[in-house]
Amino acid sequence: MTNMVIFFFAGVVVYTLGKQLEKIEESTAFGRERFPYIPGLLSFREAPILLKAFKKLKNDPDVILFDGQGIAHPRHFGLASHVGLILDRRAIGCAKSRLVGEFRSVRNVVGAYSKLCYKNEVVGAVLRTKINTKPIFVSPGHKINLTLAIRIVLKACNGYRIPEPVRQAHLLVNKVRKEYTQ
DNA sequence: GCGACAG
DNA sequence: ATCTTGTCGC
């Protein structure tokens with residue numbers, strides 16, 4: 001079982017972010033896993049396949065939400081920064097847990113947040129997107145500031161902890177992976 | 001050396 | 001991330 005080929009799947013879901021949050025396109029891609037998971041080096045593992053999924057997209061998004069960090073990273077260059085730069089699009093990191101930084105507890109009210117500080121610098125926000133659930137870690141990735149990033153993430157949330165586009169991308173990937181595995 | 005550590 | 005059923009709480 002040591003030479004088993006492991007496949008990696010990625011998914012992108014495009015939404016409108018106007019009056020309604022409406023799904024307008026989906027894209028997936030897969031390929032061989034080529035890099036291990038090492039904290040701080042996530043983009044080396046995920047970016048290649050993620051970029052494959054983005055290439056199939058017909059729409060060209062104004063802003064992209066990533067399942068990972070933006071500048072809240074040891075070298076200020078998380079997945080959202082890295083892929084946002086390559087795609088030259090506004091990008092926001094929306095991670096489910098902390099990689100670096102310290103923060104104070106967040107009030108239990110949707111929209112409340114506390115600054116995520118790392119090496120004497122604000123690198124993101126720990127944002128409450130749903131009551132009675134752990135907050136998420138929002139950080140600018142590319143061509144965006146923290147204030148706007150927070151506003152966009154809150155607009156993209158539909159009552160769930162995870163912003164809807166990210167949540168749907170996750171569900172999409174699991175669906176496709178399961179179909180492929182059968 | 002010890003602990004922390006996106007997915 | 002993944003293993004993995006039911007179950008406790010809003």
Side-chain angles (χ1 to χ4, degrees), chain A residues 1-2 4-13 28-54 64-86 91-103 106-119 121-142 144 146 149-150 153 156-163 165-178 180-181:
Chain A
M1 292 301 158
T2 47
M4 190 162 57
V5 174
I6 304 295
F7 282 102
F8 221 57
F9 292 78
V12 179
V13 182
T28 59
F30 70 95
R32 245 183 112 158
E33 179 183 35
R34 303 186 170 284
F35 201 87
Y37 169 66
I38 299 171
L41 302 182
L42 180 65
S43 51
F44 288 92
R45 177 175 171 81
E46 306 211 330
I49 314 245
L50 205 41
L51 287 169
K52 250 176 105 174
F54 273 108
I64 307 170
L65 306 184
F66 287 88
D67 187 354
Q69 313 287 354
I71 62 171
H73 178 277
R75 291 169 299 287
H76 309 292
F77 205 65
L79 181 70
S81 314
H82 197 156
V83 180
L85 176 67
I86 291 173
I92 301 171
C94 307
K96 298 181 293 298
S97 61
R98 184 197 81 109
L99 175 60
V100 297
E102 302 85 48
F103 59 97
V106 185
R107 282 185 305 131
N108 194 15
V109 175
V110 172
Y113 66 89
S114 50
K115 296 178 224 170
L116 180 62
C117 301
Y118 180 57
K119 292 183 174 174
E121 182 184 4
V122 176
V123 294
V126 186
L127 177 67
R128 185 81 62 187
T129 51
K130 178 180 168 124
I131 295 179
N132 296 330
T133 55
K134 297 193 304 179
I136 67 172
F137 295 75
V138 175
S139 61
H142 190 62
I144 199 164
L146 182 56
I150 291 171
V153 167
C157 285
N158 247 348
Y160 293 96
R161 178 168 88 114
I162 306 301
V166 178
R167 203 176 75 87
Q168 289 298 324
H170 219 290
L171 293 172
L172 174 63
V173 166
N174 286 326
K175 190 187 81 175
V176 172
R177 186 179 50 70
K178 195 163 187 176
Y180 193 88
T181 306

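Naming: A, B, ... by sequence-line order, numbering from 1 per chain.
For DNA chain B, runs of at least 3 consecutive pairs of the Watson-Crick or G-U wobble type, with both hydrogen-bonding distances under 3.5 angstrom, are absent.
In this pair, Tyr118(A) and His76(A) present their aromatic rings perpendicular. The plane angle is above 60°, beyond the 30 to 60° band.
Atom-to-atom, CD of Glu33(A) to P of dA1(C) comes out at 14 Å; the value is rounded to the nearest Å. Taking atom CZ on Arg177(A) and atom C1' on dA1(C), their separation rounds to 10 Å, with Å as the unit. The distance between atom CG of Leu171(A) and atom P of dA1(C), rounded to the nearest whole Å, is 12 Å. Between the CD1 atom of Ile49(A) and the P atom of dA1(C) there is a distance of 17 Å, given to the nearest Å.
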When every nucleotide of nucleotides 4-10 of chain C is labelled 5' to 3' by its protein contacts under 4.0 Å (heavy atoms), B for base, S for sugar-phosphate only, - for none, what sequence of letters results? ------S

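When every heavy atom of Gly70(A) is checked against every heavy atom of Ser139(A), the shortest pair comes out as N-OG, 2.6 Å.
Listed by chain and number, the residues in a ring-ring contact (aromatic ring centres under 6.0 Å, His included) with Phe54(A) amount to none (sequence neighbours excluded). Scored by the salt bridge (Lys or Arg N to Asp or Glu O under 4.0 Å) test, Arg167(A) finds Glu164(A) as partners (sequence neighbours excluded). Residues that satisfy the ring-ring contact (aromatic ring centres under 6.0 Å, His included) test with Phe137(A), not counting sequence neighbours, are Phe103(A).
Note on Gly40(A): a base of the nucleic acid sits closer than 4.0 angstrom, heavy atoms only. Looking at heavy-atom distances under 4.0 Å, Ile136(A) makes no contact with the nucleic acid at all.
Within the structure, salt bridge (charged side-chain N to carboxylate O under 4.0 Å, His left out) pairs that include any residue of residues 65-82 of chain A comprise Asp67(A)-Lys96(A) (at least two apart or interchain). The salt bridge (charged side-chain N to carboxylate O under 4.0 Å, His left out) analysis of residues 108-119 of chain A, with sequence neighbours excluded, yields no pairs. Among residues at least two apart or in separate chains, side-chain hydrogen bond (donor to acceptor under 3.5 Å, both in side chains) pairs with a member in residues 37-51 of chain A are Glu33(A)-Arg45(A), Ser43(A)-His82(A).
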Please tabulate, for the side chains in residues 169-178 of chain A, all donor-acceptor contacts under 3.5 angstrom to protein atoms that are two or more places apart in sequence or on a different chain.
unit_1, atom_1, unit_2, atom_2, d
Asn174(A), OD1, Arg177(A), NH2, 3.4
Asn174(A), ND2, His170(A), O, 3.3

Just list the side-chain donor-acceptor pairs under 3.5 Å for residues 156-163 of chain A, sequence neighbours left out, or say none.
unit_1, atom_1, unit_2, atom_2, d
Arg161(A), NH1, Lys134(A), O, 3.2
Arg161(A), NH1, Pro135(A), O, 3.2

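First and last contacting nucleotides of DNA chain B toward chain A (any atom under 4.0 angstrom from a heavy atom, 5' to 3' order): dA4(B) to dG7(B).
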Wobble G-U and Watson-Crick pairs count when both distances are under 3.5 Å; given that, what is the 5' to 3' dot-bracket string of DNA chain C, with | for pairing to other strands? ..........

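Atoms CD1 and CD1, on Ile144(A) and Ile150(A) in that order, are 10.5 Å from each other to the nearest 0.5 Å.
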Using the rule given for ring pair (Phe, Tyr, Trp, His ring centres under 6.0 Å), can you reason through Phe8(A) versus Phe30(A), listing the C-alpha separation, both sets of side-chain angles and the distance that settles it, and then say yes or no? CA-CA 5 Å; Phe8(A) 221 57; Phe30(A) 70 95; over 10 Å; no

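Taking 4.5 Å as the limit, every side-chain heavy atom of Val100(A) sits out of range of all side-chain heavy atoms of Leu116(A).
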